[in-house]
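The figures here come from the full heavy-atom set of this structure, side chains too, leaving out hydrogens, waters and symmetry mates. Below, chains carry the letters A, B, ... as their sequence lines are ordered, and counting in each starts from 1.
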Amino acid sequence: MSSADSTTATDDRQKALLEDLTTRLGAAVVGSHIRSGDLWVRVRPDAWLRAAEACKAMGFDYFCYLSGIDWMPHTWPNPKVIEGPAPDPDDEAALPAEEVVEEPVIEGIQSGYAGGDTRFQVLARLYSTIRHIGVTLKADLDDLNPRIESWITAYPGADWCERETWEMYGFDFTGHPNLTHLYLPGEFEGFPMRKDFPLLAREVKPWPGLVDVEQFPATYKGDGEG
Amino acid sequence: MAVTDQQRISYIASQAADARLNVELQTEEMTLNLGPQHPATHGTLRIVARLDGEQVVKADVVCGYMHRGYEKLTEVRTFPQVTTLINRIDWLSSFANEVPFILAAEDLMEIEAPPRAQWIRTLFFELSRIANITLFIGEMGVQLGAITPVFFAFRDREYVLNLIESATGGRFHPNFDRIGGIKDDLPKGWIAETKDAMRRIRGYCDELEQLLMGNEIFEARTRGVGVIPADVGLSYGLSGANIRASGVDWDLRRDAPSPLAWKELDWKVWTHPDGDSFARYWVRLQETREATLMVDQLLDGLPSGPIQAKVPRIIKVPAGEAWAHTENPLGEMGYYVVSQGGLGPFRCKIRSASFHNVSITPWLLKGVYVPDIITILSSLYFILGDIDR
Amino acid sequence: MMFALEIPYWELTIIKTVIVLSIIPAGAVVLGYVFLLKMMAHMQSRMGPMEPGGFHGWFQLIGDGIKFIQKEDIIPGEADRRVFALAPLVVLISTFLLYVVVPTGPRLVVQNLDVGIFYALAVSSLGVIGVLMAGWASANKFALLGSLRAAGQLIAYELPLVLAVVGVVIQANTMSLQGIVHAQADGSIFGFSGLGNPFFFTQIVGFGIFLAAAQAELTQTPFDMPVAESELVAGYMTEYSGFRFLFFFMAEFGTALALSAIAATLYFGGWYQPLFKTGIMADLLGPVVLGIKVMLIAFLIFWIRFTFPRFREDQLQSFAWKILIPLSLVNIMVTAIFKVVL
């Protein structure tokens, strides 16, 4: 695949789609982003289910996935984060998630496409098998009490995804009939995909190297940095 | 070929008659635990079925016995290191798992691999599709009680695995794809061997077509069993051959913009209108044959040139978000990669096909007989690592 | 005649018992080796065991048997211990009793009962009791489902089996298996009596029904739902291991041998070959001739087993009640009409 004109051509389709979505949802659309033939739309959390229904009415028949994201900065030694105003990783990592949220303002949150005001976001992707176009929907969630409507009435496939997101991030999906553990054992405590949940394997034994020590194959000469 | 309306109506009528009978003869229900150690779940999937006699009243799927937390693990690895992990998601077609992740990273870095690398990627993608689905084609027989096809599958799949091994060094986990290209060029003599193996696989497909698809018992066991209407399947997130067997003409290789070489090939997307287990088997069999033809075309048209674009020694991916998806053997596989400019992904959502394909089973298994559980599960074709990422 | 007179009754009984007792494991090993290990392997493009015993792994099954005997006797905690232990024996005894009436020569038969075939079909269904006992006593849901399937299936297929045989009985005018062999030996095909008249030619429909029903009686694919490994793990045998499992295994192959022998007797003239009808040579050649015929029929049974997928339980029942039984009734009617007319 090449050429800029094909990308702009697809971007036009995304723009039309965004307009359509905005007319249907009105003020509920709070942010959007278009990049290389893909569309991100951030909606207000109270319009989450309405957005799904609107998308379904617009011909997005295929439910791709639903998941969450925690924008709290990495505790993993990431050069950028270390230089930045990172919170003390050891202290927070040791605490259970419920107690961390005593101080809701977390420094250094850097939200992704379509913006975001809070630490937690729920995101989902829908696709139209007729128009061959996809959209990623996002919604902000409350830091202390992440809670949002379930999509299960619009897309039954959201069932397992919401159960997974619930146990991994601790998001509560109102209207989900069976919010039980999918992967984790029943007595598991904490929400492992939150950034403040320590990855114990890394705590016990640090990762040996951030950079691959392996040499490139001898035949390869086109090294960028010599 | 297709199920006639009359057959379908008679099937529905017989199911309804059974249901009426069960209301009259109310028996005590029994909970049957299929798995996590069960021969038909090829792995550790567990199905809790409430049975009335041999009929399923309610089925629930319990997974997670093999959950390895890859989404969390990717957050503490650098971009090149992630491919080692994601090789293990769908372990029968490992190379196909690497491609969408690498594509997402390349999208964020705004680099593109040279054409030869793209063609070789496509080549291995299709080879791993063949390695994966040939096993399904034989294995479906074993689930229905015919033990012979699976041995044929292992026999002929071996040639494909040997090809993958001789070029990449790994039979199951090649870890061959790199950001900006691939690890190595093809070895000498490989192309002729591959063509030979593709001929063999086509022969295998013909053999299985005669052995299983022409068999009355096979048809009786699969026709009209586990019918998935297209709209239901799509709303559950079914993808790949499962949804093409319900008549949805959708293949990401053709319909999604992709730098890989599919667009340059002459091939056909196979669909089947029925949506039952037989249709899913049929579509997969045709796809395997189509894939061998695609491999032949790829070998003929392989462009020359470099196999690696210019990439910095230490890979740092600019901040941004990217979604890349491909049509993997099991269905749509995608990675939603969020980078914040670091060495590794900030967040990597892995959208694996089997997870969504299996999530329809509680809906699908209502009212079927115990043997049909096995038929339906095996025709949906999941790899456990693809459910429990 | 000579040696039979010199041996007292009790010694003769012991000899007969020992021979029949040894036939079951020997038959199981031969059938298991030839068909399960070797024929199946070659049909599936593989070698099968090649090392044990030197020549093509002939010792494999005997070694397996020794391994099974050495194993710990495990009985599940929840199981009904006595019934659990007894069940394999019941199945094995039903197999053992089958051999009592199978003639292998003019005089080589344990007991030439007048109602031989009736007796054989009656005792062959005794095994169901053992299977039900095994499934119920195992305290395992898979075993229970398997044994109930087995019971339903064996009862459904007992009927076509019997009805298929009725055609032969009508044609032979006797129920004694020895009498049926003689009837075939004395018959002639359109005046040509060189080969006798194997009932296979006149009862070809009955033979097909018998074979299908025997396949179901043996719980072999395509009728192997009671032990369907991809659904019920191993059906009623799920909880069995060691020598108890060996008993089931031997019973399965022993019954395969016995039913093949009965089929050979009913439809292919049993021990009869055209050269010697009586005398010591007929007795000596009888077991060999019968053995060859048995292997041919067993080949058919196992060929089907390795080729087909299995039916679903309801399809199996409708196959028995809607196809096999009406067909066998028609077969009886046609045979009877011919019998009266000719």
Side-chain angles (χ1 to χ4, degrees), chain A residues 1-2 6 10 33 35-38 40 56 61-65 67 69-70 73-74 76 78-81 110 112-113 123 125 127 129 132 134 136 154-157 159-161 164 168 181-185 192-193 195 197 199 201-202 207 210-212 216-217 219-220 222-226, chain B residues 63-64 67 69 71-73 75-78 80-81 107 112 183-185 230-232 234-239 243 248-250 255-259 263 306 308-314 319-323 325 332 334 336 338 340-344 346-347 349 351 355-356 359-360 363 388:
Chain A
M1 202 188 79
S2 64
S6 75
T10 43
H33 187 90
R35 179 182 165 274
S36 65
D38 214 346
W40 282 262
K56 190 153 197 175
D61 45 359
Y62 174 68
F63 171 78
C64 189
Y65 69 85
S67 189
I69 188 161
D70 177 3
H74 244 299
W76 187 57
N78 204 332
K80 184 157 184 141
V81 178
Q110 180 191 0
Y113 291 161
L123 75 153
R125 189 179 166 82
Y127 187 85
T129 54
H132 300 302
T136 305
Y155 293 96
D159 181 356
W160 283 21
C161 291
E164 190 196 355
M168 293 293 173
H181 282 294
L182 182 72
Y183 285 138
L184 300 173
M193 282 300 286
K195 287 284 191 284
F197 190 91
L199 185 61
R202 287 285 167 279
W207 189 236
L210 296 177
V211 183
D212 269 326
F216 273 84
T219 51
Y220 172 61
D223 200 344
E225 294 183 359
Chain B
C63 50
H67 188 242
E71 289 185 12
K72 184 84 176 173
L73 287 176
E75 294 174 7
V76 293
R77 272 167 167 74
T78 63
Q81 286 165 348
D107 183 16
E112 203 163 279
K183 180 169 170 282
D184 258 327
D185 213 331
D231 54 337
V232 175
L234 284 170
S235 65
Y236 269 96
L238 254 69
S239 52
I243 202 70
V248 177
D249 187 15
W250 172 49
D255 298 329
S258 162
K263 292 242 166 13
Q308 179 79 32
K310 281 199 183 301
V311 179
R313 184 75 179 84
I314 293 171
E321 297 173 34
W323 162 255
H325 55 168
E332 184 198 20
Y336 186 76
V338 180
Q340 293 204 333
L343 294 169
F346 178 78
R347 164 94 172 98
K349 162 70 191 167
R351 195 267 180 210
F355 178 79
H356 295 265
S359 76
I360 199 175
W363 182 85
D388 297 355

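- Ring-plane geometry between W363(B) and Y236(B) is classed as tilted, the angle between the planes lying from 30 to 60 degrees on a 0 to 90 degree scale.
- Contact annotation for D185(B): neither backbone nor side-chain heavy atoms come within less than 4.5 Å of a heavy atom of chain A.
- Looking at D159(A), there are no atoms closer than 4.5 Å to chain B (heavy atoms on both sides), in backbone or side chain.
- Using a 4.0 Å cut-off between charged nitrogen and carboxylate oxygen, R347(B) and D70(A) do not count as a salt-bridge pair.
- E332(B) and Y62(A) are linked by a side-chain donor-acceptor pair at a separation below 3.5 angstrom, with hydrogens and angles left out of the test.
- For the set K72(B), E71(B), E321(B), the entry with the most heavy-atom pairs within less than 4.5 Å of chain A is E321(B).
- For the set D38(A), L123(A), L182(A), T136(A), the entry with the most heavy-atom pairs within less than 4.5 Å of chain B is L182(A).
- The residue among G134(A), P185(A), A154(A), G157(A) with the most heavy atom pairs within less than 4.5 Å of chain B is G157(A).
- Contact of the H356(B) side chain with the C161(A) side chain is registered, since non-hydrogen atoms from C-beta on lie closer than 4.5 Å.
- A salt bridge is defined here as a Lys NZ or Arg NE, NH1 or NH2 lying under 4.0 Å from an Asp or Glu carboxylate O, and D231(B) with K56(A) fails to meet this definition.
- Only the backbone of P192(A) comes within less than 4.5 Å of a heavy atom of chain B; no side-chain atom from C-beta onward does.
- The most heavy-atom pairs under 4.5 Å with chain B, out of M168(A), R35(A), H181(A), come from R35(A).
- Only the backbone of L238(B) has a heavy atom closer than 4.5 Å to any heavy atom of chain A.
- The distance between the ring centers of Y65(A) and W323(B) falls below 6.0 angstrom.
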